[in-house]
Amino acid sequence: MNGVAIITLILGLGLIAWLSARAKAMRLAPAASQTGDRSRKRPLLHSLPSYHGWYAALWVLGPALVFLAIWANVMPGLVTGRVLQDPAAAALPMDAMSRSAILSEARNIAQGNAQAAFDPRANALIEPYRSANRFYSLGGALAALMLALAGGAFAFTRIRPDFRARTKVERVVMSALLLASLIAIVTTVGIVGSLLWESLRFFSMVSPLDFLFGLKWSPQSAAMGYGNENAFGAVPLFWGTIFIGAIIAMFVAIPLGLMSAIYLTQYAKPAARAWLKPMLEVLAGVPTVVYGYFAALTIAPNMRDFAAWIGIHNASSESALAAGLVMGVMIIPFVSSMADDSINSVPQSMRDGSLAMGATTSETIRQVLIPAALPGVVGGVLLAVSRAIGETMIVVMAAGLAANLTLNPFASVTTVTTQIVQLLTGDQEFDSAKTLAAFALGLVLFVVTLLLNIVALQVVKRYREAYE
Amino acid sequence: MSQPTPPKMSARNVNVYYGEKQAIQNVSIDVDTDNVTAFIGPSGCGKSTFLRTLNRMNDTVASARVEGEITLDGENIYSSGMDVVQLRARVGMVFQKPNPFPKSIYDNIAYGPRIHGLASAKADLDVIVESSLRRAGLWDEVKDRLKDSGTALSGGQQQRLCIGRAIAVEPEVILMDEPCSALDPIATAKIEELIHELRGRYAIVIVTHNMQQAARVSQRTAFFHLGTLVEYGSTSEIFTNPREDRTKDYITGRYG
């Protein structure tokens, strides 16, 4: 029996349980009103009939569906185990790789995912696969149905006038919501766990000290067999990331973002603000890949020409400056909207107080609004930095691959994210130091971004409290 | 009561509009340095709006429009040649809710003198800060912690800090917009005492919704109702023998 049919069947049972439990509860209500004493001034049925319905439906659906979900994961193993006990399986080769290849071929044909086998030895196993599949799916379906019926019967017997179905349903709702939020958390934990695990494998091959403080990055040479020593020094990558994301980009984003926020909050008339602010926020909606080719095709060549014009002739066409400038533009709306929020949350009375002292608008901004809004602005900038250093597309397209440790903005530098992309694209074996280095880089990036976010949110929060 | 000296500020036929809505109708009034002038009236009667025309704080409200003439020492403050920044240095203001800047007590007081260049040396500034705090009756309470944040003071102390901040630029007029409405009775009493001491040195205009306060601190009282100036005269006369029925109804608590 296939999965859709059994699930539909169980849902149908759930509906029947809902209707009949509700009907039973409704029948109980007048019965209770005839026998119950009227001196107690509370409803004779503790919960509304529909809650009894939900209670029964949940008992039908919950255990059966949970069982099916588990069964779907357990079944393939059971099926394979049964196939291997078949006499036809005795002919399988002993080495694990061709054995599993033949088995999976037979499985695919049995399930109708493939038409014919490359390896004739698979053909003998098709029929055993089919029968094992039938056996276990029928068994699972029957067990699920039994569970559904048993659950329904249990719930049905518990329906009494004073049964607190409403409270039980509330508890189920709460657990469902809890489960939903746990899934997000568990996913995060899982991602961190896999990062950690793969990074540990990497650090078993390369010393963490060499990785964190080494000045030479050439994973290709390690892959070509020159050994892992001195090939995985990530400092040039860290520097490139900071140079582009935290220095050049911020040189663009902080002044422009801050000034546009000041203009929008202090000088722009409401009408102007109404269309300028959304326009600015459009910048945040441009896909980063578009910024990427804008940086690579428009800005980078111009930067090289500009470098030549001011007399630097060895400028690279993939410069830190091009990537950083474009990334700065990308971050402007981010800085601007954080600064906008924090300037706006400085109370109007502060501004009035300063103006009433005879200060001009710009004196008020410089001496009262900006200092008062500073923590919020700093928090916003930290968040912007954490975004910039995690940004990938722009630097992949415009920053280049050469791991240079340089202060020259016209030179090519590379970043952590660019290298992760480089290390993981194409055919890779997942047990070499070269590939695992990507996970170590990812871990460093994750930790730094996390710390930046925590600090930034803390700063912003403390500041918000100051004006509550 | 009134002296033969010319009034410090005088308003003639002032109308104020917020967009289409008229908030003040045809108000004429004189304010002088020897008397504290109180504006009283029910909520929404326009007393605060009118107060804010006297230092052009309504300029910060985009939809506000002022007609008529208001003079400071005979000079029209709404004429095109008037420097608003300079005007506000001469006509200081204290707000309903204490609004010290998130700076130290010292820097709060020094804010005005610094932006107007009133002190050339640190020592001069120290003198201004001390004398302003003394006049605001706050010096003894804060002299040992001038570096502490102004926002860490109690509400009453914050309001006296704001008065000190206004005094520090040596204004000629001080406008107070319900300065005690956010304070407890003890802090209120201190502010009222302070107003008594400041009288004569500055022309003081105080908006209050508290009639007892008006009676206690002012020598002249103006009663506003629905955007018009109903009655203006000496405080004792307004409270004991009002000419207008509306004034009488208000001060006897018929409405308000």
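None of these values were measured; they are calculated from a predicted model.
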**Request:** First locate atom CG of A:D352, then atom CE of B:M57, and finally report the distance between them rounded to the nearest 0.5 Å.
**Result:**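 Output value for this atom pair is 4.0 Å.
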
**Asked** Measuring from B:I115:CD1 to A:E363:CD, what's the distance to the nearest 0.5 Å?
**Response**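 Nearest 0.5 Å value for the CD1-CD distance: 5.0 Å.
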
**Asked** Do other residues, nucleotides or ligands put more than 12 heavy atoms under 6.0 Å from A:F251 CZ?
**Response** no

What part of [X] is in contact with chain A, defined as an atom under 4.5 angstrom from a non-hydrogen atom: side chain, backbone, both or neither?
| X | answer |
| --- | --- |
| B:V94 | neither |
| B:P100 | backbone |
| B:R52 | side chain |

For [X] and [Y], which heavy atoms make the closest approach, and how far apart are they?
| X | Y | result |
| --- | --- | --- |
| A:A356 | B:N55 | CB-ND2, 4.3 Å |
| B:Y111 | A:T364 | OH-CA, 4.0 Å |
| B:V169 | A:M357 | CG1-CE, 4.1 Å |
| A:G353 | B:F101 | C-CZ, 3.9 Å |
| A:Q367 | B:K103 | O-NZ, 2.7 Å |
| A:M350 | B:P102 | SD-CD, 3.8 Å |

**Prompt:** Of the backbone (N, CA, C, O) and the side chain (C-beta and beyond), which part of A:S354 lies under 4.5 Å from a heavy atom of chain B, both, or neither?
**Reply:** both

